[in-house]
Amino acid sequence: MNRICPEAYTFFQNKFSMFIILILCLISFCSHAQKIYTFPNNTQTGWSSFENVNGIKGKGGMENKGAKGHPVDVVLPSQSKTLLDIKGGGLINRIWMTLTDMSPKMLRSLVITMYWDGENKPAVSVPLGDFFGIGLGRTTAFQNALFSNPEGRSFNCNIPMPFRKAAKIIITNQSDKPVAFFYDINFLRVAKQDANVLYFHAFWNQNVDDTLGEDFTILPKVTGRGRFLGCNLGIITDTVYGKSWWGEGEIKMYLDDDSNFPSLVGTGTEDYIGTAFFIKNAYANLYQGCPIADTLNNQWAFYRYHIPDPVFFTNSCKVTIQQMGADDRDELRKIEKADARLKPVVVLSNKQYVKLLEKNTIPDFSDSTFPKGLTLFYRLDNYSATAYFYLDKPVNNLPSLPALDRRLRGIANKNSH
């Protein structure tokens, strides 16, 4: 057929491809539809808000004779509000929140904590803004597979959070100002969880006084069996480095018995979040994105979620990223003279990849013998990150959330535009 009538061959080939795609779409739709219209046994829907904390059956909207009596509450300085506190097994499917003060200071000062199965140590203890997918106390409209902010004025989380015996969620105002707070937590009560169900955890970290050449720790070594779900990071670059590129750092994941070197390694920061050759613009995809690319204020906020490419571990997991940038050799010499802390590690010279750290003698950076070209170098910027993961136990071995003064380091008083 191809020799006799190539046009007809192409026509039928395209029609066949479209037919196959249609069949696959129908199969996918039917598979999801089956889940939608199947009624689960021993399951009850609950919504928790200030109108009905804990979603008690038949007790919602009772204040003010049912006429919107309690949609909002004020959280005073140093005050905590319990948003959910229920016994028994269940699954949190969605969390929505908003507040009247969206300043960076407030978004870093409010802390969301989550406890599973009656434990005293939280599985989640993260600044509110950072928890909902964007660091730096910034807000912007975006949507991905786990989080969304439809107009830059609210927070939505769709991470499934199962529990076996109990669930408690608390919001704490560590700022010096009161804030009006709204929320809605949608969950299911489940009689019994499967044996392989894991608990949701989240951890926030920020670098302080790092050593030049030391990787930033996104997730310290957590022990147990689980899955690294992903992370969001916020970067405030030090102005001493000018407008040089900051994102050459490679992601590293140390799984199970890894010691000095990891099993999983990326190729660069922008590569890890799905783009390439620097970050030119803000974008938000399902599993990777950079909602904030603010060159004016030297701020970037980005994320990567390992949903289609799961990262499992059997006894431990640690995740880090290198603090590394790049610029032309001559430009870096100017930056070094301004007392910037930097250490050259690689030079891309005449299409050669010169690995400086593997040389017996590294030429002095200011010397004429130092290779000319794009120079990759260790640097130090303000890094913060929220790591999300599942674990086979309701508590983890990680450090507590740092104090507020440390969390506010480098954070502006107002949102930058």
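Index from 1, following the sequence. In this text, all values refer to a predicted model and were calculated from it rather than measured experimentally. Heavy-atom basis, side chains included; hydrogens, waters and symmetry copies ignored.
A heavy-atom distance below 4.5 Å is not found between the side chains of N207 and D381. Side-chain contact check for C290 versus E270: every heavy-atom pair is 4.5 Å or farther apart. Counting heavy atoms from C-beta on, the side chains of R138 and Q299 come closer than 4.5 Å. Between Y388 and N232, the closest side-chain pair of non-hydrogen atoms falls below 4.5 Å. A 4.5 Å side-chain heavy-atom check between M161 and I95 finds at least one atom pair inside the cut-off. Side-chain atoms of L229 and Y390, non-hydrogen and from C-beta on, do get closer than 4.5 Å to each other. Between L110 and S175 the shortest side-chain heavy-atom distance does not fall below 4.5 Å. Within the 4.5 Å cutoff, the side chain of L91 has no heavy atoms near those of the F163 side chain.
A donor-acceptor pair under 3.5 Å is absent between the side-chain atoms of S125 and the main chain of P122, judged by distance alone. Remark: side-chain polar atoms of Y254 are not paired, donor with acceptor, to backbone N or O of T320 under 3.5 angstrom. Between the side chain of N54 and the backbone N or O of D85, at least one donor-acceptor pair lies under 3.5 Å. A donor-acceptor pair is defined here as one N or O able to donate and one able to accept, closer than 3.5 Å; such a pair exists between the side chain of Q323 and the backbone of E214. A donor-acceptor pair is defined here as one N or O able to donate and one able to accept, closer than 3.5 Å; no such pair exists between the side chain of S148 and the backbone of Q143. N205 contributes no side-chain N or O that, together with a main-chain N or O of I218, makes up a donor-acceptor pair within less than 3.5 Å. Using modelled atom types, no side-chain atom of T217 and backbone atom of L219 make a donor-acceptor pair closer than 3.5 Å. R164 places no side-chain N or O within donor-acceptor distance of the main-chain N or O of P394, the cut-off being under 3.5 Å. With hydrogens and angles ignored, the 3.5 Å screen pairs no side-chain donor or acceptor of Q79 with any backbone N or O of T172. Under the 3.5 Å distance criterion, the side-chain polar atoms of D294 are matched with a main-chain donor or acceptor of N297.
Side chains of R189 and T45: a donor-acceptor N/O pair is absent below 3.5 angstrom, by distance only. There is a side-chain donor-acceptor pair under 3.5 Å between Y183 and S48. In this structure, a donor-acceptor pair under 3.5 Å is present between the side chains of E248 and W245.
Taking OG of S78 as the reference point, atom CG of N173 lies at 7.5 Å (rounded to 0.5 Å). Rounding to the nearest 0.5 angstrom, the gap separating the NZ atom in K252 from the CD1 atom in I321 is 10.5 Å. Taking CZ of R409 as the start and CG of N382 as the end, the distance is 4.5 Å to the nearest 0.5 Å. Here the CD1 atom belonging to I335 is positioned 7.5 Å from the CG atom belonging to L342, to the nearest 0.5 angstrom. Within the model, atoms CG of L233 and OG1 of T386 stand 8.5 Å from one another, a figure rounded to the nearest 0.5 Å. Separating the CG atom in N315 from the CG atom in D256 is a distance of 4.5 Å, to the nearest 0.5 Å.
With salt bridges taken as basic N to acidic carboxylate O contacts below 4.0 Å, none links K243 and D327. We find that D130 and R108 are joined by a salt bridge, their nearest charged nitrogen and carboxylate oxygen being less than 4.0 Å apart. By the 4.0 Å N-to-carboxylate-O rule, R333 lies too far from E336 to be salt-bridged with it. Ion pair D405/R407 not flagged as a salt bridge, since none of the NZ, NE, NH1 or NH2 atoms sits closer than 4.0 Å to an Asp/Glu carboxylate oxygen.
A pairwise comparison of heavy atoms in N396 and V222 identifies CB-CG2, 4.1 Å as the closest pair. Taking each heavy atom of V265 and P262 in turn, the nearest pair found is CG2-CG, 3.5 Å. Between P178 and M106, the closest heavy-atom pair is O-CE, 4.4 Å. Summarising the geometry of T139 relative to G152, their closest heavy-atom pair is OG1-O, 3.5 Å, with the distance given to 0.1 Å. Residues P71 and F182 approach most closely at O-CD2, 3.4 Å, considering heavy atoms. Across all non-hydrogen atoms, the minimal contact from D392 to G224 is OD1-CA, 4.0 Å.
The stretch residues 202-225 participates, sequence neighbours left out, in these ring pair (Phe, Tyr, Trp, His ring centres under 6.0 Å) pairs: F216-Y383. The side-chain hydrogen bond (donor to acceptor under 3.5 Å, both in side chains) contacts involving residues 57-76 comprise E63-H70, H70-D73, D73-K81, where partners must be two or more places apart or lie in separate chains.
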Steps toward side-chain contact (heavy atoms from CB on, under 4.5 Å) verdict (D257, S259): CA-CA 6 Å; D257 298 325; S259 54; over 6 Å; no
Can you check side-chain contact (heavy atoms from CB on, under 4.5 Å) on L264 and V311, steps first, answer last? CA-CA 9 Å; L264 309 183; V311 177; 4.0 Å; yes
Step by step, would you call Y115 with V395 a side-chain contact (heavy atoms from CB on, under 4.5 Å)? CA-CA 8 Å; Y115 302 81; V395 294; over 6 Å; no
Please step through side-chain contact (heavy atoms from CB on, under 4.5 Å) for the pair S49 and I185, ending with a clear verdict. CA-CA 7 Å; S49 71; I185 299 174; over 6 Å; no
Checking salt bridge (Lys or Arg N to Asp or Glu O under 4.0 Å) for the pair K177/D101: CA distance, chi angles, key distance, verdict? CA-CA 9 Å; K177 297 180 179 179; D101 184 351; 5.3 Å; no
Applying ring pair (Phe, Tyr, Trp, His ring centres under 6.0 Å) to F389 and F228, what does each step give before you reach the verdict? CA-CA 4 Å; F389 59 100; F228 177 63; 7.8 Å; no
So R379 and S244, side chain to side chain donor-acceptor pair (under 3.5 Å) or not? Walk me through it. CA-CA 11 Å; R379 52 186 284 166; S244 62; 3.0 Å; yes
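Ring geometry for F155 versus F132: interplanar angle of 30 to 60°, hence tilted. Using a 30° and 60° split on the angle between ring planes, F131 and F200 fall in the perpendicular class, above 60°.
When the shell of 6.0 Å around NZ of K121 is examined, it contains more than 12 heavy atoms from other residues, nucleotides or ligands. Taking a 6.0 Å sphere around CG of N196, one finds it holds more than 12 heavy atoms contributed by other residues, nucleotides or ligands.
Residues that satisfy the side-chain hydrogen bond (donor to acceptor under 3.5 Å, both in side chains) test with W96, not counting sequence neighbours, are absent from this structure. When the side-chain hydrogen bond (donor to acceptor under 3.5 Å, both in side chains) test is applied to D117, the partners found at least two apart in sequence or on another chain are Y199. Residues forming a side-chain hydrogen bond (donor to acceptor under 3.5 Å, both in side chains) with N158 (at least two apart in sequence, or on another chain): none.
Remark: K343 is not positioned above the aromatic ring of F377, lacking an NZ or CZ atom under 6.0 angstrom from the ring centre and at most 45 degrees off the axis.
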Show me, pair by pair, the donor-acceptor contacts under 3.5 angstrom made by side chains of residues 272-288, not counting sequence neighbours?
| residue | atom | partner | partner atom | Å |
| --- | --- | --- | --- | --- |
| Y272 | OH | H306 | NE2 | 2.7 |
| Y283 | OH | I273 | O | 2.6 |

